[in-house]
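Scroll down for the structure; my scribbles are underneath it.
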Amino acid sequence: LYSNTTAGNNTAVGYQAGYSNTTSGLMTAVGSRAAYSNTTGARITAVGYQAAYSNTTGTNNIAIGANISGYTGTLGSNTTGNYNVAIGDSALNFSTTASSNTALGYAALLFNTTASNNTAVGYQAAYANTTATGTTAIGYQALLDVTTGSYMKRLIRMFNESAWIRKLPPLRDAIKYVKKLHEEHG
C-alpha cells in the first residue's frame, strides 16, 4: 500500500502487494506484487505471486494463484475488467478488459483477452480462447484449441462422433434433438 492516499479497509501482505493503490477500498492483496498496479479498483481479492498484477480500475475481481513461467499471475493482465473469478496458476492470465468470467484450474482461459461471460473449469480448459463470448468448457483441456466463434456446431459434432455416448438413451435423444435444431437453423 505504498501509494495509498485515502483508501480504507485494505490488507496487503507481501513485497509490493497493493503497491499502486491510491483510493481503492475493500482490497485484499496477499503475495509478492499481488494487485501491484491497482489504483481505484474496489473489492479486489488477489492471493499469489503477481495475482491481479495489472488491475488498475477493475472491480469485484478474485484472483487466487501464482504465475507460470514468463507470464504475469492469475488474472495478471486485467486492467479494467469486472466481476471475474480466476482460481489456479495463470488462470485468465491475458484477460485485459473482459468481465464476468470464471476460470477454475491451471491456465484455464489463459489466452482470453476481451471475451466476457465465459466459464472454464479444469486443467487448461478453454486455454486458447481469445474473444469467444458465452463459452462453457468443463474438463481436462476442454475446448483447448478453440479461439473464437460459436460452439454449437462443434458441440453437435463432438456428440455425434462419440460412440459411447450414443449407447446412453437420454443423451442419444438429446443428440437427435440438437441435431434436428442444427439442421433446421444452421
Side-chain angles (χ1 to χ4, degrees), residues 1 3-5 7 10 12 16-138 142-151:
L1 296 174
S3 303
N4 193 63
T5 56
N10 294 309
Q16 294 182 332
Y19 184 85
S20 301
N21 193 69
T22 55
T23 60
S24 170
L26 304 172
M27 179 189 69
T28 302
V30 179
S32 180
R33 295 188 174 163
Y36 176 86
S37 301
N38 191 67
T39 55
T40 60
R43 294 173 297 285
I44 303 297
T45 300
V47 179
Y49 175 66
Q50 292 184 339
Y53 179 87
S54 297
N55 191 83
T56 54
T57 60
T59 63
N60 299 291
N61 290 309
I62 298 171
I64 300 173
N67 72 346
I68 55 179
S69 181
Y71 302 133
T72 55
T74 299
L75 198 61
S77 299
N78 184 65
T79 55
T80 60
N82 303 309
Y83 304 102
N84 292 299
V85 176
I87 300 174
D89 288 354
S90 289
L92 267 172
N93 180 255
F94 291 105
S95 179
T96 55
T97 59
S99 294
S100 302
N101 290 299
T102 302
L104 306 175
Y106 174 86
L109 280 168
L110 177 72
F111 289 104
N112 190 76
T113 54
T114 58
S116 297
N117 305 313
N118 294 301
T119 301
V121 179
Y123 177 90
Q124 293 181 336
Y127 177 85
N129 183 62
T130 55
T131 58
T133 297
T135 301
T136 300
I138 299 174
L143 296 175
L144 176 71
D145 59 344
V146 177
T147 58
T148 61
S150 170
Y151 301 106

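The structure displayed is predicted, hence computed values, not measured ones.
Considering CG of N61 and OH of Y83, their distance stands at 9.5 Å, rounded to 0.5 Å. Rounded to the nearest 0.5 Å, atoms OG1 (T102) and CG (N118) are 9.0 Å apart. From T45, atom OG1 reaches atom CG of L75 across 11.0 Å, with rounding to the nearest 0.5 Å. Atoms OG1 and CG, on T133 and N112 in that order, are 8.0 Å from each other to the nearest 0.5 Å. Distance check, rounded to the nearest 0.5 Å: CG of N78 to OG1 of T113 gives 11.5 Å. We find the OG-CG distance between S95 and L110 to be 10.5 Å, quoted to the nearest 0.5 Å.
Taking all atoms of both residues into account, the shortest heavy-atom contact from A46 to A51 is CB-O, 3.5 Å. Among all heavy-atom pairs drawn from A29 and G18, the shortest one is CB-N, 3.9 Å. A91 and G105 make their closest contact through CB-O, 3.7 Å (heavy atoms, listed as atom of the first residue, atom of the second, distance). In terms of heavy atoms, N84 sits closest to N101 at OD1-N, 3.0 Å. Contact detail for G58 and N55: the closest heavy-atom pair is O-ND2, 3.2 Å. A pairwise comparison of heavy atoms in A17 and G31 identifies CB-O, 3.5 Å as the closest pair.
Two residues are said to be in side-chain contact when any heavy atoms from C-beta on lie closer than 4.5 Å; T147 and T131 fail this criterion. Under the 4.5 Å side-chain criterion, counting only non-hydrogen atoms from C-beta, T79 is not in contact with T57. At least one side-chain heavy atom of T56 sits less than 4.5 Å from a side-chain heavy atom of T80. Contact annotation: the side chain of N21 approaches that of L1 to within less than 4.5 Å [non-hydrogen atoms, C-beta and beyond]. Taking the side chain as every heavy atom from C-beta outward, T74 and I64 never approach each other to under 4.5 Å.
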Problem - Derivation and outcome, side-chain contact (heavy atoms from CB on, under 4.5 Å), residues N129 and V146 - result: CA-CA 6 Å; N129 183 62; V146 177; 5.5 Å; no

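A donor-acceptor contact shorter than 3.5 Å links the side chain of S77 to the backbone of N93. Side chain of T5 to main chain of T22: a donor-acceptor pair is present (N/O by atom type, distance under 3.5 Å, no hydrogens or angles). At least one donor-acceptor pair closer than 3.5 Å links the side chain of S116 to the backbone N or O of S99. In this structure, S24 contributes its side chain and G41 its backbone to a donor-acceptor pair below 3.5 Å. Side chain of D89 to main chain of G65: no donor-acceptor pair is present (N/O by atom type, distance under 3.5 Å, no hydrogens or angles). A donor-acceptor contact shorter than 3.5 Å links the side chain of S37 to the backbone of Y53.
Remark: Q16 engages Y19, R33, Y36 in a side chain to side chain contact (heavy atoms under 4.5 Å, CB included) (not counting sequence neighbours). In this structure, the side chain to side chain contact (heavy atoms under 4.5 Å, CB included) partners of A108, at least two apart in sequence or on a different chain, are A103, A120.
Between the side chains of N82 and N60, no donor N or O sits under 3.5 Å from an acceptor N or O.
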